[in-house]
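Here's the structure we're looking at; comments come further down.
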Amino acid sequence: MIPKIVLQLKGLNKSFGGLLAVKNVDMLVNESSISGLIGINGAGKTTLMNCISGIYRADSGSLDIMGVSCLNWSPHDIARLGVGRTFQIPRIFKRINLIDNVMVPALNDNTDNKTLYERATECLDKVKLYDLRHNNAEELSGGQQKLLELARIMMFNPRIILLDEPFAGVNPTLCRLMIERIKELKEQGKSFLLVSHDLTSIYQLSDHIYVLNQGQVISEGNVDYVRNDPEVIEAYLGNA
Amino acid sequence: MAKSGTIKPDDFSEEISAQRLKSSLWYTIITVLILSCFLVPLQDGNLSFMFSLMMWVTLATGINFIAGFTGYMPFGYVAFYGIGTYVTAILVKVLGVSEYLAVPAAGLSGILLALLFAPTLRLNGIFFAIVSLSLAVVCQRLMSLLPEEITGGSHGLNLGVATDRTHGYYAMLIIMFVALVSASWLGQSRLGKALKAIRDDPDAADAMGIHVSRVRLYAWIMSAFFAALAGGAQAWFTGALDPITAFDVLITAKTVIYAMAGGLGTIIGPVVGTVTLVWIDEIVWQQFPVLNNFLLGLIITLLILFMPRGVVGSLMQHFPHLRKYIM
Ligand SMILES: Nc1ncnc2c1ncn2[C@@H]1O[C@H](COP(=O)(O)OP(=O)(O)OP(=O)(O)O)[C@@H](O)[C@H]1O
Ligand SMILES: [Mg+2]
């Protein structure tokens with residue numbers, strides 16, 4: 001069976017002043033799959049994600065999400081197409097409690113308050129933040145904020161999930177918990193674009209990997225192909 | 001750390017009773033406030049003092065919609081109040097409309113002005129504050145430059161004996177009541193949650209599917225509406241107005257200070273802050289007329305320095321168990 005494409009990028013370019021941060025990037029994400037995106041610091045991973053989620057305006061190229069051409073739509077319209085994301089530096093709603101934080105992406109839903117509340121507590125429970133549910137988000141540690149973002153995405157329940165460094169600063173036990181949750185969501189049919197410097201986790205999770213260097217895709221393929229690609233080894237270990 | 005499967009089955013009903021507890025405290029405060037304001041004219045009390053108390057409570061609650069819930073600080077907030085006074089006075093004096101219609105019309109004019117100024121919401125932080133301030137100055141100039149038969153030029157308008165103070169007083173009371181009820185609705189609604197999310201991180205809220213500019217506009221309109229209504233009642237109550245006092249930046253300043261002192265972003269905060277400070281102001285004024293502004297300035301400085309989130313906000317920050325009582 002041919003897998004269904006849920007996200008497709010063609011010839012995407014994004015520059016900041018003279019700096020080409022994303023250069024002619026093509027990318028495919030299949031339904032119910034995890035695509036890893038790796039590359040050294042400053043390679044353009046976050047910029048690419050920001051272009052997909054509408055936070056940055058791309059200079060040129062095309063973006064198709066579930067058959068809808070939606071390059072440079074506003075972030076809330078992209079979100080309503082079914083794309084959710086987390087941020088490299090957690091962006092939580094500081095001065096409201098965890099339950100309200102998690103509820104934000106579902107405020108437009110046509111569900112009653114009881115259902116909404118129960119779903120929110122379930123999502124918090126799945127990342128072990130249930131006991132802190134009445135705390136304000138600013139009272140969480142950095143790692144807990146990452147977990148809160150994951151809970152918020154689960155509440156959002158989008159078709160496509162973009163994760164920017166979800167494991168950074170999270171301890172190994174909770175990392176394993178996160179990986180379990182990500183696998184579960186994939187089994188439910190969600191598609192992921194996953195950015196991480198934690199190569200072990202990326203290799204373990206990804207169905208397909210893109211390697212970005214200076215804004216360009218220098219290699220792509222399955223895990224075995226990419227980790228043995230001389231170009232990738234050169235980019236990662238080369239002139240270090 | 002909680003283990004999976006610790007969710008209590010009656011979690012939501014607990015949440016509902018927590019909400020009830022919050023609301024009951026809040027409605028007690030409203031009731032006491034409304035009752036005492038209601039009784040003053042009958043008791044021959046200090047009508048002017050109580051009128052201004054109600055006006056400040058309305059303004060502080062109104063600015064809370066935009067400043068407390070979305071983090072935008074409109075230094076030109078007085079523009080809406082000023083427009084409200086003028087629209088009311090012009091309708092009454094020049095067109096002979098009844099005050100009962102003129103004040104609601106003033107509220108509508110506030111909404112129109114808010115829509116006109118809506119593009120300024122694209123700016124953020126200090127840029128928004130400054131543009132807002134200059135727009136208030138523009139409004140003031142406009143009022144003094146318009147034909148004298150309409151706005152009375154730089155002398156303003158005098159409604160004279162045409163208006164009844166007590167009716168103006170009760171109009172203010174009703175306006176304050178509606179503002180407070182709207183605040184409690186907002187405090188518990190999904191719109192309120194969306195607004196607070198926007199205040200804390202607009203980009204993240206946007207990425208979560210919240211139509212940031214639209215939702216923020218609702219708060220802006222509510223904010224403007226109550227300021228314009230308060231202005232209308234003020235014109236009715238005092239029967240006189242001029243461009244300098246109607247668009248006095250001090251009105252914005254006081255509104256901001258009262259709301260901040262209590263705690264922007266909470267529903268109770270602006271009310272508590274206003275009632276306390278207006279009262280202290282009155283006492284200081286009676287006891288130490290010479291030191292009035294000095295003492296008041298000192299109190300405000302200390303408050304902002306040691307309780308940047310206001311009295312109510314700081315209490316909630318440092319005593320988490322109080323959160324379940326405070327709306
Ligand atoms: N808002 C911005 N303005 C100007 N330059 C930017 C901006 N955002 C990113 N850049 C530049 O674009 C390039 C790519 O940055 P990006 O954040 O996408 O890297 P990254 O791959 O996510 O790196 P990291 O692994 O460190 O997170 C960098 O050279 C960076 O300096
Ligand atoms: Mg990055």
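To find a chain, count down the sequence lines: A is the first, B the second, and so on, and within it residues start at 1. Reckoned from all heavy atoms, side chains included, excluding hydrogens, waters and symmetry mates.
The parts of A:Thr121 that come within reach of chain B are both its backbone and its side chain, each placing non-hydrogen atoms under 4.5 angstrom from that chain. Contacts of A:Asn101 with chain B are absent, with no heavy-atom separation under 4.5 Å from either backbone or side chain. Using a 4.5 Å cut-off between heavy atoms, A:Leu124 makes no contact with chain B at all. Within the 4.5 angstrom heavy-atom criterion, atoms from both the backbone and the side chain of B:Ala205 approach chain A. When heavy atoms are compared at a cutoff of 4.5 Å, A:Leu107 approaches chain B by way of both its backbone and its side chain. In this structure, chain B has heavy atoms under 4.5 Å from both the backbone and the side chain of A:Asn113.
The cationic atom of A:Lys14 (NZ for Lys, CZ for Arg) lies less than 6.0 Å from the six-membered ring centre of A:Phe16 and within 45° of the ring axis. Taking the ring axis of A:Phe156 as reference, the NZ or CZ atom of A:Arg85 does not stay both within 45° of it and closer than 6.0 Å to the ring centre.
If you check the side chains of A:Glu31 and A:Ser191, you find no donor sitting under 3.5 Å from an acceptor. Checking B:Tyr72 against B:Ser223 by side-chain atom types alone, no donor-acceptor pair falls below 3.5 Å.
In terms of heavy-atom pairs under 4.5 angstrom with chain B, the leader among A:Pro75, A:Ala79, A:Ser74, A:Gly84 is A:Pro75. Ranking B:Val212, B:Asp203, B:Leu191 against chain A, the residue ahead of the rest is B:Asp203, based on heavy-atom pairs under 4.5 Å. Comparing A:Glu122, A:Glu138, A:Met155 by heavy-atom pairs within less than 4.5 Å of chain B, the highest count is held by A:Glu138. Here A:Pro105 is the residue among A:Pro105, A:Pro158, A:Ala106 with the most heavy-atom pairs under 4.5 Å with chain B. When the candidates B:Pro320, B:Ala207, B:Ala194 are compared by the number of heavy-atom contacts under 4.5 Å with chain A, B:Ala207 comes out ahead. Counting heavy-atom pairs closer than 4.5 Å to chain B, the top residue among A:Glu149, A:Arg133, A:Lys114 is A:Lys114.
For the ring-ring contact (aromatic ring centres under 6.0 Å, His included) test with B:Phe128, the passing option among B:Trp220, B:Phe75, B:Phe117 is B:Trp220; the others fail.
In this structure, CG on A:Leu212 lies 7.5 Å from NZ on A:Lys45, to the nearest 0.5 angstrom.
Side-chain contact between B:Phe65 and B:Thr70: absent, with no pair of heavy atoms (C-beta onward) separated by less than 4.5 Å. Residues B:Leu133 and B:Val249 form a side-chain contact, since some pair of their non-hydrogen atoms from C-beta on lies under 4.5 Å apart.
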